[in-house]
Chemist: 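Shown below is the structure under consideration.
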Number of protein chains: 2
Amino acid sequence: MKKKFQDIYRQISESIESEYYRAGDTLPSENQLAETYDTSRETIRKALKMLSEHGYIQKVQGKGSIVLDMSRINFPFSGVTSFRELSQKLGSRAKTEVVYLEQDLGHLEVESMVWHVHRIRHIDGERIILDKDVFSAEVIPQLTKAICETSIYDYIENELGLTISFAHKEIVIEEPSEEDRRYLDLADHHVIVVIKSYTYLDDTTLFQYTESRHRSDKFRFVDFARRVQR
Amino acid sequence: MKKKFQDIYRQISESIESEYYRAGDTLPSENQLAETYDTSRETIRKALKMLSEHGYIQKVQGKGSIVLDMSRINFPFSGVTSFRELSQKLGSRAKTEVVYLEQDLGHLEVESMVWHVHRIRHIDGERIILDKDVFSAEVIPQLTKAICETSIYDYIENELGLTISFAHKEIVIEEPSEEDRRYLDLADHHVIVVIKSYTYLDDTTLFQYTESRHRSDKFRFVDFARRVQR
DNA sequence: TTGACGAATTTGTATATACAAGCTAAACTA
DNA sequence: TAGTTTAGCTTGTATATACAAATTCGTCAA
């Protein structure tokens, strides 16, 4: 199937990012867009719903769809994103170093075989982030240093054909552990920002637990949030 | 209008929270639900979409809608939420103290009249959070100490009839300022978690800038996030 | 001039139909 | 028995229609 509404979403979001539509502008009406893209109004509405959820536009009944100012969202950390995808924005400034890779009998929801991966994320030559991952070996039978250095998410989605779907995340502040001190360039920063996340596949199986340990001065979390209705 | 799909969302979400449907269960099919609630399948789908976005269920094509384990989300901070709404979960353990309330010519997107509100949030008798708000006086003509002590959001939505819609948020770690030291019980915690947020109304007007300054040991950010498609 | 009213436009909700795509389990075949 | 196919279920996408609700703006009247 074509997934027309996703194509339309992509086209309009690109038009907003390239500033063909500017912040404050009103998009063409749903009926106009339906004619432009030779489709039905409902399909347009699905695309606009996505744009609204991702912070591109605000819909106002009776008025239209107003383009929002996306420029403030310059570090889209929200959502489930891999360091690989993030580092593409940083370019050559980011590097990954695998310091530990083992398979053993561990605990991830239930007792079973798991992979342990510890990685140091370098940014501008400094060791800023320590990622400690636990992966289910049932889901990921094989794991190599090369995969860990590039992108595990890429491997899971494109090589294994699995679909990563959602995550529970938690951010807390901790004292640096002995391990943090060894692997990170802490200087005189005396706290660590820890992002703990449980990541799930399409079929709701838990396949990853991560502790992403950040040097506090380099940590920044940016989010776009809609008010939830009660 | 009735907004059937919201009613259905509420009913099903309550059924999940009361554990009528348990984690791992499959909900009745969309066609069955449509018959049960005497409505069309599209209306059911809108309700299920909301449940999915809020982390209640996971939809799997060809299989059904699987109930997720919500129990890990015990401090739903994500989304745009007021301290008032949060403190309801804390019960009598939370208290608000207004330490500053002034109107003057300030800067919120453009030079105009604004309200400045500084509030200390007490939890279990300790001064944990310092909230520094800037409100547009155009949107909120009148503001009293009593309103600031209960809930400004409540006042805006129920008294003024305005609709709070979305926010840009940013979380960073900072050194405590002189003000932080004066107003908070910092003990020997030497960093502050700062949540900066810009909050907007329905019609995309910016009406609030907030710096919510938390003692780091009491800070916890919990989130449910779906993987964004590219 | 000002206010009230109403028509036109825009988004929101509800319903119906059709077919595609993915999963499961029964039926079938070698 | 073991593997394959198929039928029937599930959710996903696309389309069409109808009416409700909110906004905008022109028209009309006092």
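Given the structure is predicted, the values throughout are model-derived calculations rather than measurements. Below, chain A is the first sequence line, B the second, and so on; all start at residue 1.
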Chemist: Roughly, in whole Å, what's the span from NZ in A/Lys49 to P in D/dG12?
Modeler: 13 Å
Chemist: Rounding to an integer number of Å, can you tell me how far A/Gln58 CD sits from C/dT11 C1'?
Modeler: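 Interatomic distance, CD of A/Gln58 to C1' of C/dT11: 12 Å.
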Chemist: Between the side chains of B/Asp131 and B/Arg121, is the shortest nitrogen-to-carboxylate-oxygen separation below 4.0 Å, so that they form an ion pair?
Modeler: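 Yes, B/Arg121 and B/Asp131 are salt-bridged.
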Chemist: Rounded off to whole Å, could you give me the CZ-to-P distance for the A/Arg41 and D/dA14 pair?
Modeler: 17 Å
Chemist: Between C/dG12, D/dA14, C/dT10, which nucleotide has the shortest distance from any of its atoms to the side chain of A/Lys46?
Modeler: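 Between C/dG12, D/dA14, C/dT10, the one nearest the side chain of A/Lys46 would be D/dA14.
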Chemist: Find the distance A/Glu30:CD to D/dT17:P and express it as a whole number of Å.
Modeler: 17 Å
Chemist: Out of C/dT13, C/dT15, D/dT15, which nucleotide sits closest to the side chain of A/Ser40?
Modeler: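 My answer, after comparing the listed nucleotides, is D/dT15.
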Chemist: State which of C/dA21, C/dT11, C/dA14 makes the closest approach to the side chain of B/Gln61.
Modeler: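 When the side chain of B/Gln61 is considered, C/dA21 is the closest of C/dA21, C/dT11, C/dA14.
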Chemist: From C-beta outward on A/Arg45, which listed nucleotide comes closest to its side chain: C/dG12, C/dA14, C/dT10?
Modeler: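 Given the options C/dG12, C/dA14, C/dT10, the side chain of A/Arg45 is closest to C/dG12.
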Chemist: Does A/Thr43 make a side-chain N or O approach to OP1 or OP2 of D/dT15 shorter than 4.0 Å?
Modeler: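 Indeed, a polar side-chain atom of A/Thr43 lies that close.
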Chemist: Taking OP1 and OP2 of D/dG12, is either one under 4.0 Å from a side-chain nitrogen or oxygen of B/Lys59?
Modeler: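 So the side-chain polar atoms of B/Lys59 do come within 4.0 Å of the phosphate oxygens OP1 or OP2 of D/dG12, strictly under.
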Chemist: Select one nucleotide: of C/dT13, D/dT15, C/dT11, the one nearest the side-chain heavy atoms of A/Ser29.
Modeler: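 In terms of side-chain proximity for A/Ser29, the closest of C/dT13, D/dT15, C/dT11 is C/dT11.
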Chemist: Are OP1 or OP2 of C/dA14 and a side-chain N or O of B/Thr39 less than 4.0 angstrom apart?
Modeler: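 No, no such contact exists.
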Chemist: What integer distance in Å separates A/Tyr37:OH from D/dT15:C1'?
Modeler: 19 Å
Chemist: Thinking salt bridges, do B/Lys49 and B/Glu53 make one under a 4.0 Å N-O criterion?
Modeler: yes
Chemist: Could you give the CG-to-C1' distance, from A/Asp202 to C/dA21, as a whole number of Å?
Modeler: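 So the two atoms are 13 Å apart, to the nearest Å.
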Chemist: Any idea which of C/dA14, C/dT11, D/dT24 is nearest the A/Lys63 side chain?
Modeler: D/dT24
Chemist: Are B/Phe224 and A/Phe166 close enough that their ring centres sit under 6.0 Å apart?
Modeler: yes
Chemist: Give a yes/no on whether any side-chain N or O of B/Lys4 is located under 4.0 angstrom from OP1 or OP2 of C/dT15.
Modeler: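 Result: yes.
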Chemist: Considering the options A/Asp133, A/Ile156, A/Ile164, which one meets the side-chain contact (heavy atoms from CB on, under 4.5 Å) requirement together with A/Thr199?
Modeler: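 Output: one option passes, namely A/Ile164.
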Chemist: C/dC23 P sits how many Å from A/Leu201 CG, rounded?
Modeler: 13 Å
Chemist: Please find out if less than 6.0 Å separates the ring center of B/Phe221 from that of A/Phe221.
Modeler: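 Yes.
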Chemist: For B/Leu27 and B/Glu42, take the nucleotide of DNA chain D holding the closest heavy atom to each; which residue's nucleotide lies nearer the 5' end?
Modeler: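 Result: B/Leu27.
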Chemist: Between C/dG12 atom P and A/Asn31 atom CG, what is the distance in whole Å?
Modeler: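 It is 12 Å, rounded to the nearest whole Å.
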